[in-house]
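Okay, structure first, notes after.
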2 protein chains.
Amino acid sequence: MEHGSCVPQGTEITRTGFHYTLSLIGGKYKMAILYLLTECGVLRHNAIYRRIEGISYKTLSVMLKELAADGLVVRKEYPQVPPKVEYMLTERGRSLIPILHNMCDWGERHRGDVPASR
Amino acid sequence: MEHGSCVPQGTEITRTGFHYTLSLIGGKYKMAILYLLTECGVLRHNAIYRRIEGISYKTLSVMLKELAADGLVVRKEYPQVPPKVEYMLTERGRSLIPILHNMCDWGERHRGDVPASR
DNA sequence: CGGTATCCGAGAGGATACTG
DNA sequence: CAGTATCCTCTCGGATACCG
């Protein structure tokens, strides 16, 4: 696999592929949401909420909205009362999964390697 | 590739492997620093500073200190005047490179796929 | 049920000035 | 040259309250 530099001199850092990717999956919860959807296929808003420890209702809404805007998840709304909304991964979203796996694996393997870890 | 869930129910999110990894390479500049060191081998503080657009002197110091504390880079100080300090990747730091490449590649390939991208 | 609106605190990172 | 010390701003995410 031949790579040019991903951080060529003078490149504005926020325009690198890395930072584009980070802007989509970075932050505290997005990766967890994507994972849940990988494993469960389709989930309602409340189902995600219950499975992610610590997230607030509002934050989950914001995260899902951003993920949808970035084309990583699909939001399917059923016009009924009470409302029902389902979320699932897009093809684009699924293409991120190997990367998430890599990062998880690396973290699991290397956590604790550093004596006085932060 | 067989994986268990990286986000098991009830897991506190900040203790997942993913978030451990993100805590090391997340943020605006760390990945750029790691990349530069991959390509150049050994660099002085000022050399890194000149190659990363937008970073402040102080922020670079903080980033390098954290990367060193996390065992990803080595700081080598020459006790002379004027001071000379060199930075290079550790083995642990090098093991992260494939992940950085993955994220760069994905970003380069998928940037612009979304119509009204943020 | 699945939101939005509003307010707020913590932390990342920037600007500037100073030191060995 | 390399690094602190302040101070400041901006974004992320949390808390609470209200709406269709």
Side-chain angles (χ1 to χ4, degrees), chain A residues 12-16 18-34 36-37 42-70 73-88 118, chain B residues 12-16 18-34 36-37 42-70 73-88 118:
Chain A
E12 201 191 334
I13 196 68
T14 53
R15 295 193 185 167
T16 59
F18 180 90
H19 273 276
Y20 177 71
T21 304
L22 254 199
S23 74
L24 301 192
I25 65 172
K28 198 168 172 183
Y29 296 114
K30 282 183 178 172
M31 156 275 180
I33 296 170
L34 294 176
L36 282 176
L37 290 174
V42 180
L43 285 175
R44 298 183 61 171
H45 185 282
N46 226 359
I48 303 176
Y49 175 72
R50 273 183 268 105
R51 283 158 181 262
I52 300 185
E53 176 160 341
I55 199 169
S56 72
Y57 224 83
K58 172 207 130 182
T59 298
L60 177 55
S61 292
V62 172
M63 297 299 108
L64 286 169
K65 185 184 287 185
E66 290 179 2
L67 290 171
D70 290 331
V73 308
V74 184
R75 178 196 146 95
K76 189 171 182 182
E77 187 172 351
Y78 298 84
Q80 60 185 43
V81 178
K84 174 181 172 181
V85 183
E86 289 179 341
Y87 296 90
M88 57 172 52
R118 285 188 295 142
Chain B
E12 200 191 335
I13 198 66
T14 52
R15 296 193 184 167
T16 58
F18 180 90
H19 273 277
Y20 176 71
T21 305
L22 254 199
S23 74
L24 302 192
I25 66 172
K28 199 168 172 183
Y29 297 113
K30 283 184 178 172
M31 157 272 180
I33 297 170
L34 295 176
L36 283 176
L37 291 175
V42 180
L43 285 174
R44 298 182 61 169
H45 185 283
N46 226 1
I48 303 176
Y49 174 71
R50 275 183 267 104
R51 283 157 182 262
I52 299 186
E53 176 158 342
I55 200 170
S56 70
Y57 222 84
K58 172 208 133 184
T59 299
L60 177 56
S61 292
V62 173
M63 297 299 107
L64 286 170
K65 187 183 287 185
E66 289 179 3
L67 289 171
D70 290 331
V73 307
V74 184
R75 178 198 146 93
K76 188 170 183 182
E77 187 173 350
Y78 298 84
Q80 58 184 45
V81 177
K84 174 180 172 181
V85 183
E86 289 178 341
Y87 295 92
M88 54 171 55
R118 287 186 293 146

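A note on names: the letters A, B, ... follow the listed sequences, proteins ahead of strands, and every chain is numbered from 1. Only this structure's heavy atoms are used, side chains among them; waters, hydrogens and symmetry mates stay out.
In this structure, A:Leu24 places its CG atom 13 Å from P of D:dC12, rounding to the nearest Å. Rounded to an integer number of Å, the gap from NZ of A:Lys84 to C1' of D:dG20 is 19 Å. Nucleotide D:dA2 holds its C1' atom 14 Å from the CD1 atom of B:Ile55, rounded to whole Å. Between B:Glu77 atom CD and D:dC1 atom C1' there is a gap of 11 Å when expressed in whole angstrom units. Between the CD atom of A:Glu66 and the P atom of D:dT11 there is a distance of 13 Å, rounded to whole Å. D:dT4 atom P lies 4 Å from atom NZ of B:Lys65, rounded to whole Å. Here C:dA12 presents its P atom at 8 Å from CE of B:Met63, a figure rounded to the nearest Å. In this entry the distance linking CD1 of B:Ile48 with C1' of D:dC1 reads 13 Å, nearest Å.
Counting only heavy atoms from C-beta on, B:Thr59 has its side chain closest to C:dG14 among C:dC1, D:dC1, C:dG14. Listed nucleotides D:dT4, D:dG14, C:dG13 differ in distance to A:Ser56; the shortest reach to its side chain belongs to D:dG14. The side chain of A:Lys58 sits closest to D:dT16 out of D:dT16, D:dC1, C:dG14. Closest approach to the B:Val85 side chain among C:dG3, C:dG13, D:dA2 is made by D:dA2 (side chain taken as heavy atoms from C-beta onward). Here the side chain of A:Arg44 is nearest to one of C:dC1, C:dG14, D:dA2, namely C:dC1.
Taking 4.0 angstrom as the limit, A:Tyr87 places a side-chain polar atom (N or O) nearer than this to OP1 or OP2 of C:dG3. Within the 4.0 Å cut-off from OP1 or OP2 of C:dG3, at least one side-chain nitrogen or oxygen of A:Arg75 is found. Remark: A:Tyr29 is in phosphate contact with D:dG14, judged by side-chain N or O atoms under 4.0 Å from OP1 or OP2.
Considering all non-hydrogen atoms of both residues, A:Ile52 and A:Ala32 come closest at CD1-CB, 4.1 Å. Shown here for A:Lys30 and A:Leu24, the closest heavy-atom pair between the two residues is CD-O, 3.0 Å. Here the closest heavy-atom approach between residue B:Leu64 and residue B:Val73 is recorded as O-CG2, 4.1 Å.
B:Tyr49 has its side chain out of reach of B:Thr59: every pair of non-hydrogen atoms, C-beta onward, lies at least 4.5 Å apart. No side-chain heavy atom of A:Tyr29 sits under 4.5 Å from any side-chain heavy atom of A:Leu60.
Between A:Pro82 and A:Val62, the one whose closest nucleotide on DNA chain C sits nearer the 5' end is A:Pro82. For A:Ala47 and B:Pro83, each mapped to the nucleotide of DNA chain C holding its nearest heavy atom, the one lying further toward the 5' end belongs to A:Ala47.
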